Amino acid sequence: MLHTDSMERQSNRLIHERPQWIKDFKKPTGTEIKYINGHWYLYERTSYWDNEKKCSRKKSGKVLGKLTEQGLIPSKERNTTQNKGTLCLEFGATSFLFQQTRTTRKILSSFFPENWKEIYAIALIKAKENLPLDRIESRFSDCYLQYTFPRISLSTERIKSLIFELSARTGTISQYMAKEVESDLLLLKNKKKEVSNVPFEERKELEYVIKELEALLDPIKSEAEICSAYKWKLSDLDYSWLSDFDDIILDDQNLMDSTLNQKLVAHGILEDKLESTVQGIEIVLFFINFIAIKTVDSIINTLDDLNLLDQYPYPEFIWQLSTIRAVKANTKWKLSRIGKEAGILCNLLGFSPWL
């Protein structure tokens, strides 16, 4: 009987293929489309952490409206809420990353005063989920950074334009990365002074890391070598965040190569400038991912210092905090109810989302 039901369900999927107008519908982040009794509907979609399978799983929420060829017909409840100007954003994980990267914001704004917010937001979203560039916009529109930087745009076209702009500033990028390394070295040297009582092995490991970072300040070190050093620091930790890191960098590179070819055809870039532009783009991608990797590294160190790393591996840590959301209605923001597990984690971190 179960087998028959399963076959019927599979058959229904085949019969009810999505028409073109459904495929063309741009569903908002955190939603899904369902086919029920001959009609298409838009539903809320959330996720929860499955402790047994150690992964996040989908959970459907309430219906938001009916989809027709003319567009979405909101449900009455949703329509009333929208008229009041409701907006719901993820306010936990991104807010924590924001609070933990004050030094990065300070250094970044001093080197790139015109567009540091865009660079920073892209890198922070990558640190949160390790996403390719063409998926940044949807995450930006659904998180704390939208609340913090409401005037910037992170459309894919704007991101590509930004990368081209930065490709002519590789010297500044090198200076920025060196300054970040200096900042880390200062923190580690201060930590070394405070841990004179720790076991010999831990002291030697700290001295080794300090020596490795000092080597990165050698003027001949490239941006790629600096970026790879931080990636190496995370390589011993088995985190899914890093599992597809190289593939994502390749996706980003392919996106920029395609755009570069279009600019060449349209004479937007002169051929004699091609080689330097290609090298510049590679450095910019390393630069953005360097900030993301360094952010993840600092969060992992924080969890390790608090003895929370075994209990909250980085992906689960991010997922738990991502369940904290804030709602804006009638121009006022209010945090949604914080779940028990997320509340416990906030208390252990001594963290509260900003409003």
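Everything numeric here is computed off the predicted structure, so don't read it as measured data.
- Leu309 places none of its side-chain heavy atoms less than 4.5 Å from the side chain of Phe317.
- Residues satisfying the side-chain contact (heavy atoms from CB on, under 4.5 Å) test with Gln20, not counting sequence neighbours, are Lys23, Asp24.
- Contact check for Ile293 versus Phe286: no side-chain heavy atoms found under the 4.5 Å cut-off.
- Taking hydrophobic clusters as Ile, Leu, Val, Met, Phe, Trp and Tyr residues chained together by side-chain heavy-atom distances below 4.5 Å, Phe351 shares a cluster with Trp333.
- For the atom pair SG of Cys143 and CZ of Arg325, the computed distance is 9.5 Å after rounding to the nearest 0.5 Å.
- Atom CD of Glu275 has 12 or fewer neighbouring heavy atoms from other residues, nucleotides or ligands inside a 6.0 Å radius.
- Shown here are the salt bridge (charged side-chain N to carboxylate O under 4.0 Å, His left out) partners of Glu157, two or more places apart in sequence or in another chain: Lys160.
- Take Ile338 and apply the side-chain contact (heavy atoms from CB on, under 4.5 Å) test, not counting sequence neighbours, and it matches Ile324, Ala342.
- In this structure, the side-chain contact (heavy atoms from CB on, under 4.5 Å) partners of Thr101, at least two apart in sequence or on a different chain, are Thr104, Arg105, Tyr120, Leu124, Thr295.
- The closest side-chain heavy-atom distance from Lys106 to Ser110 is not below 4.5 Å.
- Here Ile344 pairs with Tyr312, Lys340, Leu348 under the side-chain contact (heavy atoms from CB on, under 4.5 Å) rule; sequence neighbours left out.
- Qualifying ring pair (Phe, Tyr, Trp, His ring centres under 6.0 Å) partners for Phe290, counting only residues two or more places apart in sequence or in other chains: Tyr230.
- Side-chain contact check for Gln100 versus Phe96: some heavy-atom pair is nearer than 4.5 Å.
- Between atom CD1 of residue Ile122 and atom CD1 of residue Ile288 there is a gap of 5.0 Å, rounded to the nearest 0.5 Å.
- The shortest distance between side-chain heavy atoms of Cys88 and Val327 falls below 4.5 Å.
- The line from CG of Leu166 to CG of Asn115 is 5.5 Å long, rounded to the nearest 0.5 Å.
- Taking the six-membered ring for Trp and the full ring otherwise, Trp116 and Phe111 have centroids separated by 6.0 Å or more.
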Quiz item: Passes side chain to side chain contact (heavy atoms under 4.5 Å, CB included), Tyr147 versus Lys328? Steps please.
Solution: CA-CA 10 Å; Tyr147 165 83; Lys328 178 186 178 183; over 6 Å; no

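- Around NZ of Lys34, the count of heavy atoms belonging to other residues, nucleotides or ligands within 6.0 Å exceeds 12.
- Applying the salt bridge (charged side-chain N to carboxylate O under 4.0 Å, His left out) test to Lys117 and every residue at least two apart in sequence or in another chain returns nothing.
- Salt bridge annotation for Glu118-Arg151: absent, with no cationic side-chain nitrogen under 4.0 angstrom from a carboxylate oxygen.
- Note that the OG atom of Ser141 and the CD1 atom of Ile136 stand 11.0 Å from one another [nearest 0.5 Å].
- Shown here is Asp310, whose CG atom has no more than 12 heavy atoms of other residues, nucleotides or ligands within 6.0 Å.
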Please evaluate residues Tyr35 and Arg18 with respect to the criterion side chain to side chain contact (heavy atoms under 4.5 Å, CB included), reporting the C-alpha separation (whole Å), side-chain torsions for both, the decisive distance (0.1 Å), and the verdict. CA-CA 9 Å; Tyr35 182 84; Arg18 296 191 172 193; over 6 Å; no

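- Between Phe140 and Thr94 there is no side-chain heavy-atom pair separated by less than 4.5 Å.
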Could you walk me through whether Glu90 and Arg139 satisfy the salt bridge (charged side-chain N to carboxylate O under 4.0 Å, His left out) test, starting with their C-alpha distance in whole Å, then the side-chain angles of each, then the deciding distance to 0.1 Å, before giving a yes or no? CA-CA 9 Å; Glu90 181 273 304; Arg139 292 300 189 271; over 6 Å; no

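- In terms of modelled atom types and a separation under 3.5 Å, the side chain of Ser322 and the main chain of Ile318 share a donor-acceptor contact.
- Judged as a salt bridge (charged side-chain N to carboxylate O under 4.0 Å, His left out), and not counting sequence neighbours, Arg135 has no contacts.
- Applying the salt bridge (charged side-chain N to carboxylate O under 4.0 Å, His left out) criterion to Glu282, with sequence neighbours excluded, gives no partner residue.
- Listed here is the closest heavy atom pair of Ser95 and Tyr144: CA-CD2, 3.8 Å.
- For the pair Glu137 and Arg158, the salt-bridge criterion is not met [side-chain N within less than 4.0 Å of a carboxylate O].
- Sorted by first then second residue, the salt bridge (Lys or Arg N to Asp or Glu O under 4.0 Å) pairs that include residues 252-268, not counting sequence neighbours, are Lys126-Asp252.
- Closest non-hydrogen pair, Ala121 versus Leu154, comes out as CB-CD1, 3.8 Å.
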Subject >> Stepwise salt bridge (charged side-chain N to carboxylate O under 4.0 Å, His left out) check, Lys179 with Asp184 >> reply: CA-CA 9 Å; Lys179 190 69 177 178; Asp184 275 3; over 6 Å; no

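- In this structure, CG in Leu108 is found 12.0 Å from OG1 in Thr103, a value given to the nearest 0.5 Å.
- Considering only residues two or more places apart in sequence or on other chains, Tyr41 meets the ring pair (Phe, Tyr, Trp, His ring centres under 6.0 Å) condition with none of them.
- Here the shortest heavy-atom pairing between Ala292 and Ala123 reads CB-O, 3.5 Å.
- At a threshold of 4.5 Å between non-hydrogen side-chain atoms, the residues Pro19 and Ile22 count as touching.
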- Message: Between Leu308 and Leu349, does the side chain to side chain contact (heavy atoms under 4.5 Å, CB included) criterion hold? Intermediate values first, please.
- Response: CA-CA 9 Å; Leu308 294 175; Leu349 294 168; 4.1 Å; yes

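- Interatomic distance, Ile163 CD1 to Leu260 CG, rounded to the nearest 0.5 Å: 12.0 Å.
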What do the steps show when you test Leu133 against Leu285 for side chain to side chain contact (heavy atoms under 4.5 Å, CB included), and what is the final call? CA-CA 10 Å; Leu133 293 172; Leu285 294 178; 3.9 Å; yes

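- Using a distance-only test at 3.5 Å, with no hydrogens or angles considered, a donor-acceptor pair links the side chain of Thr259 to the main chain of Leu255.
- Residues meeting the ring pair (Phe, Tyr, Trp, His ring centres under 6.0 Å) test with Phe164, sequence neighbours left out: none.
- Ile248 and Ile159 fall into different hydrophobic clusters, where Ile, Leu, Val, Met, Phe, Trp and Tyr side chains are chained together by heavy-atom contacts under 4.5 Å.
- Under the 4.5 Å side-chain criterion, counting only non-hydrogen atoms from C-beta, Ile283 is not in contact with Ser167.
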